[in-house]
Amino acid sequence: MPDLQEIFSRALLEAAGGLGSDAVPDLAVEPSALSEVGDYSSALAFRMAGVLKRPPREIAREIARRLGEQPPAHCREITVSGAGYINFRIDFGSLTPAVIGQALSLGAVISPDPTAGAKVIVEHTATNPNKAAHVGHLRNACIGDTVARLLRARGHQVEVQNYIDDTGVQVADVLVGIRHLGLSARDGETFDRFCSRAYVEVCRRYEAEPELVQLRAQTLRQIEDREGEVAVAAKELASKIVDAHLQTMARAGVGYDLLTWESDIIELGFLGHALDWMQEAGVIRQPAEGPFRGCWVLPHDDTSEEQELAQGEAKVLVKSDGVATYTGKDVAYHLWKFGVLGLDFAYRLWSPQGPATTTADPELAQLAPDRFGRAARVVNVIDQRQAAPQVVVKEALRRLGFETQSAALYHLAYEVVALSPSAATALGVDTTEGKARYALSGRQGIDVGADDLLDEAERQVQSKARDRTVAARLAASAVRYYLLRFGLNSIINFDFGEALRTSGDTGVYLQYAHARACGILAKVDALPMPADVPQLSASEEVLVKLLERFPRVVAEAADGLSPSTLASYTFTLATSFNDFYEHSDRLYQLQDEALRGLRRSLVDATRATLARCLELLGLIPLGRI
RNA sequence: GCCCCCAUAGCUCAGCGGAUAGAGCGCCGGCCUCCGGAGCCGGGUGCGCAGGUUCGAGUCCUGCUGGGGGUACCA
């Protein structure tokens with residue numbers, strides 16, 4: 001497998017070593033910023049200049065001369081430019097067949113990480129099971145799903161878990177609405193939408209009717225005590241919503257290995273066990289006085305506990321009414337994830353072809369008991385606002401003595417989805433304040449439903465698609481790519497026009513490029529690559545260079561847990577392919593056998609690489625549209 | 001108050017210390033339209049401000065300004 005950056009870097013460092021062993025920094029070769037000057041370039045000479053006390057250009061010349069004596073593979077020419085850049089020009093005669101061969105033989109693991117082996121758990125989605133999923137939840141799911149795909153492409157063993165918070169306050173809220181306010185679904189209203197409406201209604205009534213807040217607390221306690229019909233009703237409600245979420249996420253190509261139920265964590269005594277453990281170890285404290293009287297708390301800093309407890313600076317894991325907070329349960333969950341809790345769930349299938357699920361009832365078990373958990377590394381995809389409680393979980397593990405596990409717990413934080421002023425207006429939000437963006441709020445019913453968005457995308461794409469399946473896939477492509485192309489630190493200023501657009505930097509554009517490649521291939525019979533590679537055009541060289549970099553990009557995106565890195569590579573590849581297509585003679589009219597063979601292979605290699613990109617992004621590649 | 005994130009073209013965003021800062025949208029003009037145009041080509045006076053580190057700063061450091069978020073016995 002040719003990896004030019006690696007090959008050229010190694011040759012460069014070796015050649016540079018001859019100038020003085022200590023002077024060689026670990027500075028690699030990178031794709032040239034100036035294509036006129038070379039294909040790959042290095043600024044190594046600048047770094048060495050200071051140590052060697054010689055002008056960079058002179059050093060560059062010296063290194064280039066040494067490199068020239070025994071040029072690395074696939075290198076045609078080495079030059080020096082500017083004030084001391086060393087440039088490599090690619091020998092496409094040898095590189096092109098190697099790259100095409102590589103692209104056409106990629107396996108499931110695209111870019112093996114030598115350190116891969118032990119299990120990585122990726123937790124994502126974890127939407128409260130009390131309402132329909134909105135576009136913010138969808139962003140979480142798409143990020144998590146693509147991160148999981150990227151890690152697998154790197155050779156990691158990945159287990160995707162979706163945490164079901166069925167004993168939290170939000171489920172209790174909707175339950176209050178159904179049981180005490182008598183809310184029920186309207187004709188034709190889906191269950192998840194009904195719950196969304198009930199949630200809004202209940203939250204609205206809390207302000208005027210404080211006794212409802214009492215009912216919520218009571219409901220929550222009944223849920224957590226796992227007793228009676230309330231706990232059963234909660235589980236039922238959550239189960240129906242989970243089904244709805246799974247369906248919604250499946251439309252966007254998102255799936256899971258395991259659903260982890262919070263109620264099982266409680267029912268199986270994980271929580272109690274973890275809390276006992278932390279009490280015995282002195283990790284959590286129960287102050288007899290002060291603001292935390294009667295609570296079990298984890299002080300933020302274990303070196304100044306007394307002061308903090310007096311000032312109210314600690315994280316409550318168990319409230320004074322005896323009910324655990326989400327963070328308390330999360331600590332127990334994470335001890336289990338790393339296989340150090342000493343307890344395990346039983347497992348069954350959620351649905352015949354669906355994911356597995358935990359269960360507290362060993363008699364229902366269908367799957368091996370040791371199949372899940374026991375991770376060496378954990379990645380939690382949770383929005384940036386929950387950074388503080390994630391730190392608490394990490395700290396709890398560390399103070400219990402699990403330093404390795406604590407260090408291997410990573411919060412993959414991302415920014416939220418907000419509404420652009422035009423989207424907010426479309427949803428009936430008062431925008432007279434003139435803000436740049438408006439927050440989503442499930443509580444207030446201000447959001448864009450994930451299903452509604454996908455429905456709308458399908459409608460807009462219908463006329464161009466050959467059938468409904470294609471329309472659904474195009475719609476999912478548009479929406480999913482839109483949610484993935486932003487860096488994780490960017491707030492997505494959600495805009496209907498942008499999300500549903502089908503031209504330019506969009507998922508639909510990518511699908512068209514892929515379908516176009518398939519179309520070309522269908523018109524021309526397969527041909528062997530010529531033994532002597534003809535001279536490549538400029539746009540063909542660009543394509544070959546991009547294809548060559550693909551495994552490295554996958555590695556970068558996977559190691560950086562950065563879907564947007566792959567998204568922008570994919571767009572560049574699609575654009576370069578369209579450029580090639582536009583500026584090449586029609587393949588089926590080409591007389592020259594060698595040229596036909598080369599070009600068809602190149603199209604095929606591009607098609608294959610685009611397909612892999614789309615799959616990693618979670619879009620189903622379309623052969624025809 | 002303290003902590004985190006953000007500020008790049010009219011708008012939405014890429015740029016993980018290296019050469020002349022790039023895309024998409026929108027706008028104007030052109031090409032092409034039987035390899036599926038949802039395409040291609042051309043058109044650009046932009047890195048919030050002030051210091052610093054460096055041979056070299058949009059990128060690193062400090063301060064400031066302006067946004068967003070966190071700092072709950074919510075999650």
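Reckoned from all heavy atoms, side chains included, excluding hydrogens, waters and symmetry mates. All values derive from a computational prediction rather than experimental measurement.
- Among the atoms of the strands shown, base atoms are found under 4.0 Å from some heavy atom of A:Y512.
- Salt bridge absent: A:E58 and A:R61 never bring a charged side-chain N and a carboxylate O closer than 4.0 Å.
- On the P atoms, B:U65 is 27 Å away from B:G46, given to the nearest whole Å.
- Counting distance only, with no hydrogens placed and no angle test, the side-chain atoms of A:R466 and the base atoms of B:G36 include a donor-acceptor pair under 3.5 Å.
- The aromatic rings of A:F8 and A:F88 sit parallel to each other, their planes meeting at less than 30°, with 60° as the upper class boundary.
- Backbone-only engagement by A:F486 is indicated by non-hydrogen atom pairs under 4.0 Å involving sugar-phosphate atoms exclusively.
- For the pairing with A:F486, the side chain to side chain contact (heavy atoms under 4.5 Å, CB included) check across A:I492, A:I491, A:I143 returns one residue only, A:I492.
- Per the geometry, CG belonging to A:N489 stands 13 Å off P belonging to B:C13, to the nearest Å.
- Spacing between atom CD1 of A:I520 and atom C1' of B:C34 amounts to 13 Å, rounded to whole angstrom units.
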How does protein reach along nucleotides 69-75 of chain B, written 5' to 3' as B (base within reach of a heavy atom under 4.0 Å), S (only sugar-phosphate), or - (no contact)? SS--BSB
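- Remark: aromatic rings of A:Y509 and A:F571 are close, center separation under 6.0 Å.
- Checking the phosphate oxygens (OP1, OP2) of B:C40, a side-chain nitrogen or oxygen of A:Y509 falls inside 4.0 Å.
- Using bins of under 30°, 30° to 60° and over 60° for the plane-to-plane angle, the ring pair A:Y326/A:Y163 lands in the perpendicular bin.
- On a pure distance criterion of 3.5 Å, a polar donor-acceptor pair joins the side chain of A:E556 and the base of B:C16.
- Map A:A83 and A:N578 each onto its nearest nucleotide of RNA chain B; the residue landing nearer the 5' end is A:A83.
- Residue contacts for A:D559: at a heavy-atom cut-off of 4.0 Å it reaches no nucleic acid atom on any strand shown.
- Nucleic acid contact class of A:S490 (heavy atoms, under 4.0 Å, all strands): sugar-phosphate only.
- No contact: A:V323 has no heavy atom under 4.0 Å from any strand.
- Look at the C1' atom in both B:U33 and B:C41: the space between them is 15 Å, to the nearest Å.
- Atom CZ in A:R437 sits roughly 11 Å away from atom P in B:A7 (whole-Å rounding).
- A:D173 comes within contact range of no nucleotide atom at all, as no heavy-atom separation falls under 4.0 Å.
- Shown here, B:C60 forms a base pair with B:G52; the pair counts as Watson-Crick or G-U wobble because both key distances fall under 3.5 Å.
- Nucleic acid contact for A:L587: base, since at least one base atom lies under 4.0 Å from a heavy atom of the residue.
- A cation-pi contact links A:R216 to A:Y206, judged by a cut-off of 6.0 Å to the six-membered ring centre and 45° from its axis.
- Considering A:H411, A:K394, A:Q390 as possible partners of A:N380, the one that fulfils the side-chain hydrogen bond (donor to acceptor under 3.5 Å, both in side chains) test is A:Q390.
- Look at CD on A:E498: it is 13 Å from P on B:A14, rounded to the nearest Å.
- Residue A:E36 is in base contact, counting any heavy-atom pair closer than 4.0 Å across all strands shown.
- At a cut-off of 3.5 angstrom, counting only N and O atoms as typed in the model, there is no donor on one side facing an acceptor on the other between the side-chain of A:S568 and the base of B:A23.
- In terms of position on RNA chain B, the residue among A:D505 and A:I625 whose nearest nucleotide sits closer to the 5' end is A:D505.
- Spacing of P atoms, B:A9 relative to B:G22, comes out at 14 Å, to the nearest Å.
- Residue contacts for A:F571: at a heavy-atom cut-off of 4.0 Å it reaches the sugar-phosphate backbone alone, with no base atom in range.
- When distances run from any side-chain atom of A:R501 to the nucleotides B:G24, B:C13, B:C40, the shortest one goes to B:G24.
- Looking only at atom types and distance, the side chain of A:N162 has no donor-acceptor partner in the side chain of A:T125 under 3.5 Å away.
- Note: A:F494 and A:F496 have perpendicular aromatic rings, judged against thresholds of 30 and 60 degrees for the angle between ring planes.
- Contacts of A:V37 with the nucleic acid, taken as non-hydrogen atoms under 4.0 Å apart, include base atoms.
- Residue contacts for A:G487: at a heavy-atom cut-off of 4.0 Å it reaches the sugar-phosphate backbone alone, with no base atom in range.
- Contact annotation for A:Q511: no contact, since no heavy-atom pair falls under 4.0 Å across all strands.
- A:S41 comes within 4.0 angstrom of a base, heavy atoms only.
- Rounded to whole Å, atom P of B:U33 lies 10 Å from atom OH of A:Y581.
- In this structure B:G39 sits in a base pair with B:C31, meeting the Watson-Crick or G-U test at under 3.5 Å.
- Base pairing analysis places B:G22 opposite B:C13; the two distances defining the Watson-Crick or G-U wobble pair are each below 3.5 Å.
- One interatomic measurement links the two molecules: CG of A:L510 to P of B:G36, which rounds to 18 Å at whole-angstrom precision.
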